[in-house]
*Asks:* 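Structure provided below as structure tokens; questions to follow.
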Amino acid sequence: MLGLISTTPGPDSANILQAALPIGLGLASTAYLAMRMMRRNETLGEKSIPCAAIRTGDATHDAEYREDPDRFLSTCQKRYGPVFNCSILNQRLTVVSGPMVREVFMSQHFSFMDAIDDITGLRAFTTSVIKSNQHPDSRVVHEIVRDLVTPNLPLFTPLIVERVRSTLESRLGVCDHKLVENPQPIFADMIAGAMATVFMGSEIAQNRTVLDSFIYCTYDFGRAIGPEAREWTWGRLYSRIKYGMWNPLQKHVQVLVQAATPVVLERRRQAAEASEQGLAYKAPLDILQMLLDNFDQYGLVDLEDICGHLLLLVLASVHTSSDASTCLNYYLAAFPEHMEMLYQEQTEVLNQVAKEREQQRQKELQLGTVRSVRDFEGTELDPRNDRELSATVLKRLTRMDTFIREMMRFRCERLSLEHKARQDVVLSNGMVIPKGSKAIINMASVHQNAEVQGEDPTEFQPWRFIGKAKTATKVSSEFLPFGIGRHSCPGRFLAIQELKTVGALMVSQYSKIQFQDPSKKMQALLSAVGAPMPTGLVFTSRVTRVASD
Ligand code: HEM
Ligand SMILES: *[C@@H]1O[C@H](CO)[C@@H](O)[C@H](O)[C@H]1NC(C)=O
Ligand SMILES: *[C@@H]1O[C@H](CO)[C@@H](O)[C@H](O)[C@H]1NC(C)=O
């Protein structure tokens, strides 16, 4: 769940640009937090944690942080050690750095979701769209991703690739120096289409209304708790949501239910027909079907409840991943030499895999398990699929993988993922974070630290992690964009698979991606999640003219 403060898909983008605010992780983005005015009862007198001095003339640490986050944080760390208090993002926060960040992620007494809920009232919205599993510590959405999405990724891959490819073709296509001032909606469509295919099947994923819900639910939610809603009292807002008078998420659940109902009925009809004829019904592969088949295991009560849970998945997945895939294109644009390297890698891997498949076919022919080459048609080893971006191929794109990991390291918000203490927590250095107060992670102390990342952590070095067994999905105290420990993002395998798919298709189909305004390069590379990109992109296809055959 990352934040859309203003990236702008769709027609009425100007309004959304102003009004939309992020959900979930986006809500945790510093840009967003800074907008929310918080009035907290400050507990004074905890002497053990040092307070960072505020620059003369400033009222809080915000300005100094914003001017140069890396310098501000490293200076504080040098002066005060790994744990210090700041007055920042409209809150009093305890910044935790370096090896100590583990303690915040690993302690069961710190909660990321509590912190987000504290600032936004998120839970009132999300629990109102589901009928079961309403307990704040329910792990059901996590388990759905862990048990149903991730293990089936190899099977989902061809569907994802097909969907991303067709969206790319229809939204960008073959072009020569085509300027796209705001490419974000193109990538939002790609990701929403891929997610909808995985979550609800390719038929429902064709429905434009459903795709729009996938994309816009995040914005609508942000709007509900955004600037216009700010003057409302929480009590008033909360009762409105609670009594269902006004919950922007509700309408999106209804969209999913309406689109799913005929499809589910048709699937039931086919299953009944098959069973009448004594045949096995082969259900389509998607999460909707898996939840229908396993509803009691997850305590789900009806289709509306299932769609509610799917919407929670959408909130966690679509915006985060589409933000990252938009960003990936800016990184490709910024480093054309690396883009060529990625293309070369892909070509080599595709050649190699095609060769291996041919060898496999020859072996089977020799063994006599298959009689002729034609018998491979429609099977796993169908020669027509030799050059597909299969799960095997994506897995071997190691340069693409480390490129993405390095992008996430390089760009990562310097202060993020705040956690609220559910009871007094004593850190290993003896300092106490009292119940109700919040710790925020000093991401820079890990990601911009030469001791952890190797040379020149201020530089983007896409091959930094080559040969190091540090893949983009491997979370650890060295790589925090997905969190670590029990609550770390279960969707990262799907997210990275989709990002690699987008990257692979872009480098194979486009020879050049350029900045509309190259002077905005650094600003784009370090853009906050959900913030608008400062400039557009110019795309040029590898084949600029469609060959006529
Ligand atoms: C680039 C994309 C993504 C990023 C950067 C991201 C990041 C995160 C982070 C930082 C957390 C919180 C970890 C913590 O509490 O410490 C999280 C939680 C979560 N993410 Fe993701 N995520 C992404 C994509 C996805 C996708 C595609 C899905 C679903 C398929 C997903 C599902 C979830 C869920 C269900 C949780 C809650 C886990 C829990 O509390 O147990 N995320 N994500
Ligand atoms: C530092 O922050 C914590 C909350 O995280 C608070 O309880 C404590 O009083 C603060 N210490 C000082 C000296 O402000
Ligand atoms: C698409 O979904 C909407 C909203 O759920 C529904 O009203 C509409 O009938 C669907 N369209 C098609 C072609 O199934």
Side-chain angles (χ1 to χ4, degrees), residues 1-2 24-26 28 40 42-52 83-87 91-96 104-106 110-113 115-116 137-146 148-150 191 194-195 198-199 203-204 206-213 251-252 254-263 287 307 312-325 327-328 404 408 412 416-417 419-421 424-425 431-441 472 475 480-499 529:
M1 324 185 195
L2 285 200
L25 264 193
R40 297 209 47 77
E42 284 162 21
T43 30
L44 299 168
E46 181 63 59
K47 287 190 198 72
S48 46
I49 302 181
C51 267
V83 181
F84 51 90
N85 278 8
C86 275
S87 194
Q91 300 169 82
R92 234 348 152 64
L93 295 169
T94 300
V95 176
V96 179
V104 177
F105 286 111
M106 296 306 182
F110 277 119
S111 165
F112 171 65
M113 274 323 216
I116 298 303
D137 289 335
S138 165
R139 302 264 297 166
V140 162
V141 176
H142 186 114
E143 285 161 11
I144 290 171
V145 179
R146 188 193 61 195
L148 302 180
V149 176
T150 307
I191 296 297
M195 293 297 182
V198 172
F199 296 164
E203 188 183 345
I204 298 176
Q206 297 301 328
N207 188 318
R208 188 66 240 177
T209 317
V210 171
L211 291 182
D212 282 343
S213 273
K251 99 178 170 219
H252 296 296
Q254 290 317 316
V255 166
L256 303 194
V257 171
Q258 269 172 36
T261 303
V263 172
I287 302 300
C307 289
L312 297 186
L313 271 181
V314 171
L315 289 171
S317 62
V318 174
H319 181 252
T320 38
S321 307
S322 78
D323 174 87
S325 52
C327 203
L328 177 58
I404 291 169
M408 297 185 98
C412 194
S416 127
L417 299 181
H419 285 68
K420 188 172 170 181
D424 292 4
V425 183
M431 291 177 177
V432 178
I433 310 224
K435 176 178 175 177
S437 48
K438 289 187 211 136
I440 193 164
I441 307 294
V475 301
L480 306 171
F482 294 109
I484 45 176
R486 182 176 151 80
H487 290 287
S488 62
C489 176
R492 62 187 186 276
F493 303 96
L494 175 61
I496 296 297
Q497 188 90 327
E498 289 186 3
L499 277 171
V529 169

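Everything numeric in this text was worked out from a predicted model, so none of it was measured. All ligand and atom numbering here is 1-based and tracks the order in the structure.
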*Asks:* On the 0 to 90° scale, with breaks at 30° and 60°, tag the Phe110-His419 ring pair as parallel, tilted or perpendicular.
*Replies:*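 Perpendicular: the ring planes of Phe110 and His419 meet at over 60°.
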
*Asks:* Between Pro490, Gly491, Pro481, which one has a non-hydrogen atom sitting closest to atom 19 (C) of ligand 1?
*Replies:* Pro490

*Asks:* Of the protein's non-hydrogen atoms, which lies at the shortest distance from atom 7 (O) of ligand 3, and what is that distance?
*Replies:*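 In this structure, atom 7 (O) of ligand 3 has Gln258 OE1, 3.4 Å as its nearest protein heavy atom.
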
*Asks:* Among the heavy atoms of Met195, does any lie under 4.0 Å from an atom of ligand 1?
*Replies:* yes

*Asks:* Would you call Arg139 a ligand 1 contact, heavy-atom distance under 4.0 Å?
*Replies:*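 Contact present.
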
*Asks:* Do the non-hydrogen side-chain atoms of Met113 and Lys420 ever get within less than 4.5 Å of each other?
*Replies:* no

*Asks:* Does any part of the side chain of Ile440, heavy atoms only, come nearer than 4.5 Å to the side chain of Thr94, both counted from C-beta?
*Replies:*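 With C-beta onward as the side chain, the pair stays apart.
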
*Asks:* For ligand 1, does Leu499 get within less than 4.0 Å through its side chain, its backbone, both, or neither, judged by non-hydrogen atoms?
*Replies:* neither

*Asks:* Mark up the atoms of ligand 1 that fall under 4.0 Å of a heavy atom belonging to Ser317, in ascending order.
*Replies:* 26 (C), 27 (C), 28 (C), 29 (C), 30 (C)

*Asks:* Taking the side chain as every heavy atom from C-beta outward, state whether Leu480 and Val475 have any pair of such atoms under 4.5 Å apart.
*Replies:* no

*Asks:* What part of Phe482 sits under 4.0 Å from ligand 1 if we count only heavy atoms: the side chain, the backbone, both or neither?
*Replies:* both

*Asks:* Near Val255, which atoms of ligand 3 are under 4.0 Å from a heavy atom of that residue?
*Replies:* 4 (C), 5 (O)

*Asks:* With heavy-atom distances below 4.5 Å as the criterion, would you say the side chains of Ile191 and Glu498 are in contact?
*Replies:* yes

*Asks:* If the cut-off is 4.0 Å to any non-hydrogen atom of Ala259, which atoms of ligand 3 fall inside it?
*Replies:* 2 (O), 5 (O)

*Asks:* Protein heavy atoms: any of them under 4.0 Å from atom 5 (O) of ligand 3?
*Replies:* yes

*Asks:* For atom 3 (C) of ligand 1, which candidate among Val198, Val529, Thr320 provides the closest heavy atom?
*Replies:*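 Residue with the shortest heavy-atom distance to the ligand atom: Thr320.
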
*Asks:* Are the side chains of Met408 and Phe482 in contact, using a 4.5 Å heavy-atom criterion?
*Replies:* yes

*Asks:* Counting each atom of ligand 1 from 1 as listed, which ones have a heavy atom of Leu417 under 4.0 Å away?
*Replies:*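 Every atom of ligand 1 under 4.0 Å from some heavy atom of Leu417: 10 (C).
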
*Asks:* Please check: side-chain N/O of Ser321 versus main-chain N/O of Val318, any donor-acceptor pairing under 3.5 Å?
*Replies:*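 No.
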
*Asks:* Taking 4.0 angstrom as the limit and counting only heavy atoms of Thr94, give me the atoms of ligand 2 inside it, by number and element.
*Replies:* 1 (C), 2 (O), 3 (C), 4 (C), 5 (O)

*Asks:* I'd like to know whether Phe105 forms a side chain to side chain contact (heavy atoms under 4.5 Å, CB included) with Ser488, so could you lay out the CA-CA distance, the side-chain angles of the two residues, the decisive distance to 0.1 Å, and finally the verdict.
*Replies:* CA-CA 9 Å; Phe105 286 111; Ser488 62; over 6 Å; no

*Asks:* Taking Asp424 for its side chain and Lys435 for its backbone only, find out whether a donor-acceptor pair lies under 3.5 Å.
*Replies:* yes

*Asks:* I need the atoms of ligand 1 closer than 4.0 Å to a non-hydrogen atom of His142, numbered in the order shown.
*Replies:* 38 (C), 39 (C), 41 (O)

*Asks:* Only heavy atoms of Cys51, strictly under 4.0 Å: list the atoms of ligand 2 that pass.
*Replies:* 12 (C), 13 (C), 14 (O)

*Asks:* My understanding is that we take every heavy atom of each candidate and find the minimum distance to atom 18 (C) of ligand 1. Doing that for Ala472, Ala194, Cys489, which one comes out nearest?
*Replies:* Cys489

*Asks:* Can you tell me which residue and heavy atom of the protein come closest to atom 11 (N) of ligand 3, and the distance to 0.1 Å?
*Replies:* Asn207 ND2, 2.9 Å

*Asks:* Against ligand 1, does Val141 come closer than 4.0 Å with any heavy atom?
*Replies:* yes

*Asks:* Checking Ser437 side chain against Ile433 main chain: does a donor-acceptor pair fall under 3.5 Å?
*Replies:*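 Not a single qualifying donor-acceptor pair exists.
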
*Asks:* So, do Asn85 and Leu93 sit near enough that their side-chain heavy atoms are less than 4.5 Å apart?
*Replies:*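 No, side chains not in contact.
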
*Asks:* Which ligand 1 atoms does Leu494 reach within 4.0 Å, using its non-hydrogen atoms?
*Replies:* 30 (C)

